[in-house]
Amino acid sequence: MINVQCFAHIREQIGKDQLILDETKITVKDLMDKLSALYSIQTESIMVAVNEEYAEPGDIVNEGDTVALIPPVSGG
Amino acid sequence: MINVQCFAHIREQIGKDQLILDETKITVKDLMDKLSALYSIQTESIMVAVNEEYAEPGDIVNEGDTVALIPPVSGG
Amino acid sequence: MMFVITSEPILIEEVTNKVVRPEAGAVVNFIGTVREFTKGKRTLSLQYEAYPAMAEKQLEKIGAEIKEKWPEAVTAITHRTGKLAISDIAVVIAVSTPHRKDAYLANEYAIERIKQIVPIWKKEHWEDGEEWIGDQLEKTVYPTGKPEEMNSL
Amino acid sequence: MMFVITSEPILIEEVTNKVVRPEAGAVVNFIGTVREFTKGKRTLSLQYEAYPAMAEKQLEKIGAEIKEKWPEAVTAITHRTGKLAISDIAVVIAVSTPHRKDAYLANEYAIERIKQIVPIWKKEHWEDGEEWIGDQLEKTVYPTGKPEEMNSL
């Protein structure tokens with residue numbers, strides 16, 4: 001299982017701050033495509049972090065990893 | 001009479017923080033030449049303020065004005 | 001703790017004191033406060049949300065980047081989360097250096113980077129609605145999936 | 001009182017609060033602290049002397065110059081006099097603006113101008129002596145009798 005954390009408008013759109021996906025090994029890109037289909041979220045402006053580090057589309061997410069969906073940031 | 005205020009190394013060199021000059025009307029330049037002769041201070045790096053504003057060598061100092069000798073500043 | 005995400009009010013003095021040291025003659029602070037009007041639109045309040053663990057890591061990364069560019073600089077950053085009123089402090093960045101020029105440059109670098117890579121989001125509350133900033137108004141697309149490296153200042 | 005010469009310790013928060021306002025989203029502070037080593041020489045303490053009435057007028061003048069260059073900026077400056085120990089705060093400059101870029105530029109302008117036109121003097125106390133800075137080490141000659149206008153940043 002893979003834990004996916006959601007923030008800001010993505011959290012509000014999905015209606016949850018956390019998703020549990022029944023996956024054991026998946027690329028960031030494939031994971032995003034699944035989420036896009038499941039929750040009809042626009043993913044092209046969303047960054048992905050795996051275990052609190054920004055990840056590339058080709059990076060592998062493993063069971064037990066924490067994924068975060070990071071919409072464009074606006075701190076400061 | 002004209003009151004002359006002295007600061008920093010000029011104050012220490014002259015040994016007073018205030019001088020009273022028996023003048024009624026004098027240019028800044030002439031006043032500096034007098035002070036230079038009287039107290040053997042180097043005047044070329046000293047700025048002069050009259051009534052709390054920087055003055056030019058040709059400006060006139062009148063009786064009752066407050067003159068200040070301003071060595072190169074080093075605040076901040 | 002030089003890089004902090006907190007829900008408490010930020011004390012400028014406290015952040016500054018983390019970087020004051022005998023070798024430093026200059027501290028530059030950036031203090032971000034909640035502005036009432038943006039492009040003519042009145043803000044009532046702001047809400048900041050963070051991914052705190054990752055946000056602190058990213059702030060540390062910014063500190064490390066500054067260390068590389070300005071080896072004598074020491075940086076501390078505190079960013080607040082939660083609901084903020086007009087003029088409340090959202091972020092304080094303090095950078096100390098032996099000489100002042102570097103403190104200005106490194107400080108400005110820090111705020112630019114915060115706006116690029118630190119997972120913190122701002123929701124504006126107006127009289128007629130609310131919106132997550134970075135959502136529609138200032139839409140950004142990241143073709144690589146990661147924020148771009150910033151060009152050097 | 002936006003422009004102050006004082007013999008009391010300076011509180012950063014207090015100077016900053018003078019410029020915080022709903023229209024401003026950014027405050028930049030410059031905090032000048034007493035540095036222990038300058039060119040390898042150890043400073044034990046510093047002494048600042050001012051011509052207070054004129055110094056406050058000159059600080060006000062700097063505020064007016066900033067207003068002219070950056071009309072939306074608001075500036076407050078406090079400079080301390082008397083004996084200061086290592087890391088004590090000698091000066092705090094706070095500039096608020098709607099947008100941050102101007103706050104950095106205006107703040108840097110202020111500290112440059114302080115070092116040019118404000119009648120304040122620093123005496124360094126070392127282990128083996130003391131000296132008024134601006135006296136022999138950094139001798140400046142003013143051919144016009146006045147400090148030069150500063151070139152724009």
Side-chain angles (χ1 to χ4, degrees), chain B residues 2-21 23 26-37 39-62 64-76, chain D residues 5 30-35 46-62 77-81 89-93 108 110-124 130-149:
Chain B
I2 292 167
N3 179 308
V4 180
Q5 302 203 29
C6 308
F7 297 97
H9 81 274
I10 294 295
R11 176 176 51 70
E12 291 184 353
Q13 217 171 313
I14 292 180
K16 294 177 187 170
D17 58 8
Q18 205 157 245
L19 305 171
I20 309 290
L21 292 187
E23 300 281 346
I26 186 170
T27 66
V28 165
K29 186 181 179 311
D30 289 348
L31 185 139
M32 289 301 277
D33 288 346
K34 288 210 171 176
L35 291 172
S36 177
Y39 298 99
S40 57
I41 50 173
Q42 299 247 319
T43 57
E44 76 269 22
S45 67
I46 296 180
M47 293 181 278
V48 174
V50 178
N51 301 331
E52 301 170 4
E53 298 287 349
Y54 287 110
E56 307 275 359
D59 290 351
I60 303 291
V61 183
N62 289 300
D65 285 346
T66 294
V67 173
L69 306 183
I70 315 267
V73 303
S74 51
Chain D
I5 304 293
F30 175 82
I31 299 149
T33 55
V34 177
R35 195 175 54 217
L46 280 188
Q47 185 187 335
Y48 281 95
E49 177 175 330
Y51 179 12
M54 181 173 172
E56 290 186 348
K57 273 194 185 176
Q58 292 298 110
L59 292 177
E60 266 171 47
K61 182 173 189 294
I62 293 170
I77 306 175
T78 300
H79 201 300
R80 189 173 168 192
T81 56
I89 296 174
V91 62
V92 173
I93 303 167
E108 197 167 2
I111 182 67
E112 299 292 336
R113 289 296 275 160
I114 287 174
K115 289 171 181 287
Q116 291 174 331
I117 68 165
V118 181
I120 299 175
W121 302 269
K122 170 164 80 174
K123 190 179 201 172
E124 296 238 15
E130 53 183 43
E131 188 155 25
W132 287 102
I133 304 303
D135 175 8
Q136 290 167 34
L137 288 178
E138 309 175 30
K139 189 153 196 161
T140 316
V141 175
Y142 300 98
T144 67
K146 290 171 85 166
E148 300 296 319
E149 290 305 307

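Residue numbers start from 1 in every chain, and the chains themselves are labelled A, B, ... in the order their sequence lines are given, proteins ahead of strands.
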Quiz item: Considering all heavy atoms of both residues, which atom of Val73(B) and which atom of Ile114(D) are nearest to each other, and what is their separation?
Solution: CG2-O, 4.2 Å

Self-check item: Gln18(B) side chain reached by Asn3(B) side chain, heavy atoms, under 4.5 Å
Solution: yes

Using heavy-atom distances under 4.5 Å, tell me whether [X] contacts chain B through its side chain, its backbone, both, or neither.
| X | answer |
| --- | --- |
| Ala55(D) | neither |
| Lys123(D) | side chain |
| Ile111(D) | side chain |

Self-check item: Ion pair Lys34(B)/Asp30(B), N-O distance below 4.0 Å
Solution: no

Quiz item: In terms of the angle between their ring planes, are His79(D) and Tyr48(D) parallel, tilted or perpendicular, with boundaries placed at 30° and 60°?
Solution: perpendicular

